[in-house]
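Working notes, beginning with the structure itself.
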Amino acid sequence: ASLILLVMVLTGLPLSFSWYKEGIYSLTGSLPMPKVPKSVVSEDGKKIGIEEFWQQAQLISKEIPARALLKFHSKKADAPMEGFLINQNASHVHARSMIYVDAYSGKVLKYLPYEENSLGHKVYFWTLTFHTGQAGGILGKLLLLFGAGSVPFMAFTGWKMFLTRRKIAAANELKTI
């Protein structure tokens, strides 16, 4: 149970702490994800719709994605529309290919297929996969369930042992008096 909990904690840390995530990049000798490109604000200020964004994403992807997340308009004027695509034959459920589209012209600013990502980026997304129980099929899910379920069990048995020892110590103290 302790080993499972340790894996759960270590794979959850990059989600919470940027210094830990950056440590993954350093340990693997990888550069962090490149900066997000900026959109060129048009004179009329009219942004493209989600349908045009989706069409661009489909055009640039080599196959129809199994999953996609497209972030619609940001409040920042120069923010691009961004999203990720996960292909049908992806190695895991977080094997994300990143796409950035100019929010005004619809032009693809950057596309980074998962296969071309750095080792650090791949390790980071593998940690997500393990932490969320999406690796190892049903056995992986059951192991994480066992690990998480062991926490209240260990807390209960720890308190029970403490109270039992305390009760025995008190009884022994009474016998000596």
Do you know the tightest heavy-atom contact between [X] and [Y]?
{"X": "Leu143", "Y": "Ile4", "answer": "O-CG2, 3.5 Å"}
{"X": "Val36", "Y": "Pro80", "answer": "CG1-CG, 3.5 Å"}
{"X": "Gly149", "Y": "Pro152", "answer": "O-CD, 3.3 Å"}
{"X": "Ala95", "Y": "Ala90", "answer": "CB-CB, 3.8 Å"}
{"X": "Leu109", "Y": "Pro37", "answer": "CB-CG, 3.8 Å"}
{"X": "Gln134", "Y": "Lys141", "answer": "CA-NZ, 4.2 Å"}

Min side-chain heavy-atom separation [X]-[Y] under 4.5 Å:
{"X": "Arg67", "Y": "Phe84", "value": "no"}
{"X": "Val93", "Y": "Ile86", "value": "no"}
{"X": "Tyr111", "Y": "Leu85", "value": "yes"}
{"X": "Val151", "Y": "Met8", "value": "no"}
{"X": "His94", "Y": "Thr132", "value": "yes"}
{"X": "Val108", "Y": "Leu59", "value": "no"}

Spatial distance of atom [atom1] ([X]) from atom [atom2] ([Y]) [nearest 0.5 Å]:
{"X": "His131", "Y": "Leu15", "atom1": "NE2", "atom2": "CG", "value": "5.5 Å"}
{"X": "Ser39", "Y": "Glu82", "atom1": "OG", "atom2": "CD", "value": "10.0 Å"}
{"X": "Gln55", "Y": "Ile48", "atom1": "CD", "atom2": "CD1", "value": "9.5 Å"}
{"X": "Ser150", "Y": "Leu145", "atom1": "OG", "atom2": "CG", "value": "10.0 Å"}
{"X": "His121", "Y": "Ile24", "atom1": "NE2", "atom2": "CD1", "value": "11.5 Å"}
{"X": "Asn117", "Y": "Arg96", "atom1": "CG", "atom2": "CZ", "value": "11.0 Å"}

Over 60° means perpendicular and under 30° means parallel, so tell me whether Trp19 and Phe17 are parallel, tilted or perpendicular. tilted

Mind checking whether [X] and [Y] sit in one hydrophobic cluster, side chains of I, L, V, M, F, W, Y counted as touching below 4.5 Å?
{"X": "Ile50", "Y": "Val101", "value": "yes"}
{"X": "Leu119", "Y": "Phe125", "value": "no"}
{"X": "Met81", "Y": "Ile60", "value": "yes"}

Those residues that, when tested against Phe153, pass side chain to side chain contact (heavy atoms under 4.5 Å, CB included) (two or more places apart):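 Side chain to side chain contact (heavy atoms under 4.5 Å, CB included) check on Phe153 returns Thr157.
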
Does any N or O in the side chain of Ser42 come within less than 3.5 Å of the main-chain N or O of Tyr104, such that one atom is a donor and the other an acceptor?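 Here the side-chain-to-backbone pair does not exist.
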
Under a 3.5 Å distance rule, please check whether Thr127 uses its side chain to pair with a backbone N or O of Tyr124 as donor and acceptor.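 Yes; judged by distance alone, with no hydrogens or angles, the pair exists.
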
Give the intermediate values and the outcome of side-chain contact (heavy atoms from CB on, under 4.5 Å) for residues Leu10 and Tyr20. CA-CA 9 Å; Leu10 292 177; Tyr20 193 88; 3.6 Å; yes

Taking the six-membered ring for Trp and the full ring for Phe, Tyr or His, determine whether the centres of His92 and Phe130 are under 6.0 Å apart.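 Here the rings of Phe130 and His92 have centres that are no less than 6.0 Å from each other.
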
Write out all pairs satisfying salt bridge (Lys or Arg N to Asp or Glu O under 4.0 Å) with one or both partners inside residues 27-46, taking only residues at least two apart or from two chains. Lys38-Asp78

Kindly write out the residues that satisfy side chain to side chain donor-acceptor pair (under 3.5 Å) with Ser118, not counting sequence neighbours, or none if the list is empty. none

